[in-house]
Each structure stands twice: as C-alpha cells, then as structure tokens.
Amino acid sequence: MALPPQDERTVPAVVLKELDRQPLDQALAALQQLIDQCGHVIVVWSRVVDPGVERRLHTIRSLLESDRIAFFRPDLPPLALAVLARQLRQLASCDLSPGVLASAGRLLTHYIHAGAVLGSVTKLDRVPVGLKSHAKSWVPGSQFGVIAHPEPQLVRIGPEASLSGPEFATSMLVAKGQLQTDWITGTLAPAWNVQGLREAPLPAESALWWGTPKLVEFCTFLPDLSVLYQLVTSVRQSSCHWCGIDVIGDRCVFCSATSPLEQHQLTTG
C-alpha cells in the first residue's frame, strides 16, 4: 500500500513487513522506535490482511500502553486503501494535529470511488451479486464492472454498460491484474470526466478482496493537497474529554473514548 509520493511534500510510508511472523520483542521495538521518532503513529491495513496481523497490532499497543497509536481499517478495496493512506501522508506535511490527521481518514473515504473490472463474480462477496450475474460469469469472455464504494454497483460490460461515478473532478489510479480490458481507460474514465490517469502495481491483497486474480482495479480520488487540507480544516474539531487530543468526529482515534454527548445518547437510546 506504499504508493509513490503524490508530490514532493508527501511523507514517506513505513511498511511493517511480516508483523505477525517476527518475534514479539522485535515488533515491539519497531513500533516504539516509530513513536519515539514521530510522536504519533497511524497504522492503516486492509480487512483481508491475515487476522494474525490485527491480533499482533492490538497486542503491541496493549503492551506499550500507548495512546499514541491509531488504527485505521476502513472497508475499502486494497487500491483505494492505498490511495487513502497516501492522502494521509500528504496531509501529514501540513499543520494538522495528530488526532485531526488520524480522524481525517474517515472523512476522506467519502470522496473516493473504488471498483474493478472482473473476469468473474462467482467468488465476489464484497458486493451483492444476483443469480443472473453468477450465471453470466460462466460465459467465456464475460467481464463485469463493479463499484464497491461508496455504493455497490455491478454491470456486465457491453455497449450500453455504465457505472455512476463522482460528481466532482478527480484523478484515477488503475492497477492491472490478470485481465485484459480497455473499458476503464476508454469508456469509464471519459464518462467520469477524470482529470488525470496513472497506473500502479496491483496490491497483493486485491485478488483475495475481489475473489479473482482476473481483474483490473481502479480508484478515483482528490489529488490536490490544498483541496484535501481545505476539506479537513472545514470540519468542526473538538478535544477528546479523556486524553485531550484534538479530533474530528465523536470518537477519539487514539484512546477510543467517545464524546460525553455520544455516550449520553447511547445510554438513553
């Protein structure tokens, strides 16, 4: 998920390789070193990553007794998650507090459209698939356009096929798997008025997420740092009543405390 920098200000990513396979004391030391260097750490990972990674992360945070590690695991396809991680790296160069930066991830997901062209939907369980689409998957040469976020969509690609996209200017990133198709670049991108299009390597988790290696994954996003910054800073900020860090929203991403108002609503509701 460590995409190349979008601009010269983008903060480098730190890849935690084989976190669940290395000795615990080595993993602890790696995270502690990051905290010492950076002050706060935001860990982003996919929902299809091995459950052992998630268990190890929670173990590390518990043993370090640290409220300076935030976990971010949105339900996005791998390429979109990589894009979102890069956007957070862009914003990390700005004058945002750690809590606001970590909270920004949930906000920015609303401006991402993520999908793929698939050669089969027989094993796709991330998007509702009807029986008719399953049957068409067995027809040789069938291809399907799928949107997983923000709203599920699925069409069989043909002359009249279309997918609803963003209503604002975006850039598109495309990652090719074991499928040949020019529908994304030749039809979808022009229909969505994409302002820029680039290619990236297919994330390792994509085949598992989409249920097939025969795919081309794509994602549209806001590339401009000034636009991202304006979006984040236009949202009301508040201080966590427990740890005091500034956040966006009703839950602290570092200590997980909810706002007193939210707690009251949960109690009385």
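Here, residue 1 is the first one in the sequence, and each next residue gets the next number. If you're wondering where the values come from, they're calculated on a predicted model, not measured in any experiment.
At a threshold of 4.5 Å between side-chain heavy atoms, the hydrophobic network of Ile, Leu, Val, Met, Phe, Trp and Tyr places Val117 and Val121 in two separate groups. Hydrophobic clustering of Ile, Leu, Val, Met, Phe, Trp and Tyr side chains at less than 4.5 Å, counting indirect connections, unites Ile42 with Val235. If you chain together hydrophobic residues whose side chains sit under 4.5 Å apart, Leu63 and Val53 fall into the same group. Note on Ile157: it does not cluster hydrophobically with Phe144, by side-chain heavy-atom contacts below 4.5 Å among ILVMFWY residues. Residues Met172 and Val216 fall within the same hydrophobic cluster, defined by Ile, Leu, Val, Met, Phe, Trp and Tyr side chains chained together at heavy-atom separations under 4.5 Å.
With contacts defined as side-chain heavy-atom distances shorter than 4.5 Å, the pair Glu205/Val49 qualifies. Contact check for Trp210 versus Val146: side-chain heavy atoms found under the 4.5 Å cut-off. The side-chain heavy atoms of Leu96 and Thr233, taken from C-beta on, include a pair separated by under 4.5 Å. Side-chain contact between Leu202 and Leu215 is present, with heavy atoms from C-beta onward closer than 4.5 Å. Side-chain contact check for Leu154 versus Pro128: every heavy-atom pair is 4.5 Å or farther apart. Contact annotation: the side chain of His58 approaches that of Phe71 to within less than 4.5 Å [non-hydrogen atoms, C-beta and beyond]. Using a 4.5 Å cut-off on side-chain heavy atoms (C-beta onward), Thr10 and Asp7 make contact. Under the 4.5 Å side-chain criterion, counting only non-hydrogen atoms from C-beta, Pro150 is in contact with His113.
Note that the CG atom of Leu81 and the OG1 atom of Thr109 stand 10.5 Å from one another [nearest 0.5 Å]. Ser142 OG to Leu118 CG: the interatomic distance, rounded to the nearest 0.5 Å, is 12.0 Å. Here the CG-OG distance, from Leu101 to Ser93, works out to 9.5 Å after rounding to the nearest 0.5 Å. Note that CG of Leu84 and CZ of Phe72 are 5.0 Å apart. Values are rounded to the nearest 0.5 Å. Distance check: Phe221 CZ to Leu173 CG gives 5.5 Å after rounding to the nearest 0.5 Å. In this structure, Leu91 CG and Arg86 CZ are separated by 12.5 Å, a value rounded to the nearest 0.5 Å.
Sequence neighbours left out, the pairs with a member in residues 145-181 that pass ring pair (Phe, Tyr, Trp, His ring centres under 6.0 Å) are Tyr111-Phe168. The salt bridge (charged side-chain N to carboxylate O under 4.0 Å, His left out) contacts involving residues 92-108 comprise nothing, where partners must be two or more places apart or lie in separate chains. Listed by first and then second residue, the salt bridge (charged side-chain N to carboxylate O under 4.0 Å, His left out) pairs that reach into residues 26-35 come to none, sequence neighbours excluded. Pairs of residues two or more places apart, or lying in two chains, that qualify as side chain to side chain donor-acceptor pair (under 3.5 Å) and include a residue from residues 167-180 are Lys176-Glu199.
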Next item on the list: Mind running side-chain contact (heavy atoms from CB on, under 4.5 Å) on Ser162 and Val155 for me, showing each step along the way?
Entry: CA-CA 7 Å; Ser162 65; Val155 296; over 6 Å; no

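Between the side chain of Gln153 and the backbone N or O of Gly165 there is no donor-acceptor pair closer than 3.5 Å.
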Just distance, no hydrogens or angles: give the donor-acceptor pairs under 3.5 Å from side chains in residues 182-197, sequence neighbours left out.
unit_1: Thr185; atom_1: OG1; unit_2: Asp182; atom_2: O; d: 3.4
unit_1: Trp192; atom_1: NE1; unit_2: Leu163; atom_2: O; d: 2.8
unit_1: Gln195; atom_1: NE2; unit_2: Asn193; atom_2: O; d: 2.7

Considering only distance and modelled atom types, tabulate donor-acceptor pairs under 3.5 Å from the side chains of residues 14-31, sequence neighbours left out.
unit_1: Gln22; atom_1: OE1; unit_2: Ala27; atom_2: N; d: 3.3
unit_1: Gln22; atom_1: NE2; unit_2: Lys17; atom_2: O; d: 3.4

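In terms of heavy-atom proximity, Ala116 sits nearest to Phe218 at N-CE2, 3.2 Å. Between Val44 and Ala85, the shortest heavy-atom distance links the atoms CG1-CB, 4.4 Å. The two residues His40 and Ile245 come nearest to each other via the heavy atoms NE2-CD1, 4.0 Å. Shown here for Trp209 and Leu76, the closest heavy-atom pair between the two residues is NE1-O, 3.5 Å. In terms of heavy atoms, Leu222 sits closest to Leu228 at O-CD2, 3.7 Å. Taking every heavy atom of both residues into account, Ile147 and Val127 meet most closely at O-CG2, 3.8 Å.
With respect to Glu54, the salt bridge (Lys or Arg N to Asp or Glu O under 4.0 Å) criterion is satisfied by exactly one of Arg47, Arg73, Arg61: Arg73.
In summary, the side chains of Glu217 and Ser206 do present a donor paired with an acceptor at a separation below 3.5 Å, with no hydrogens or angles considered.
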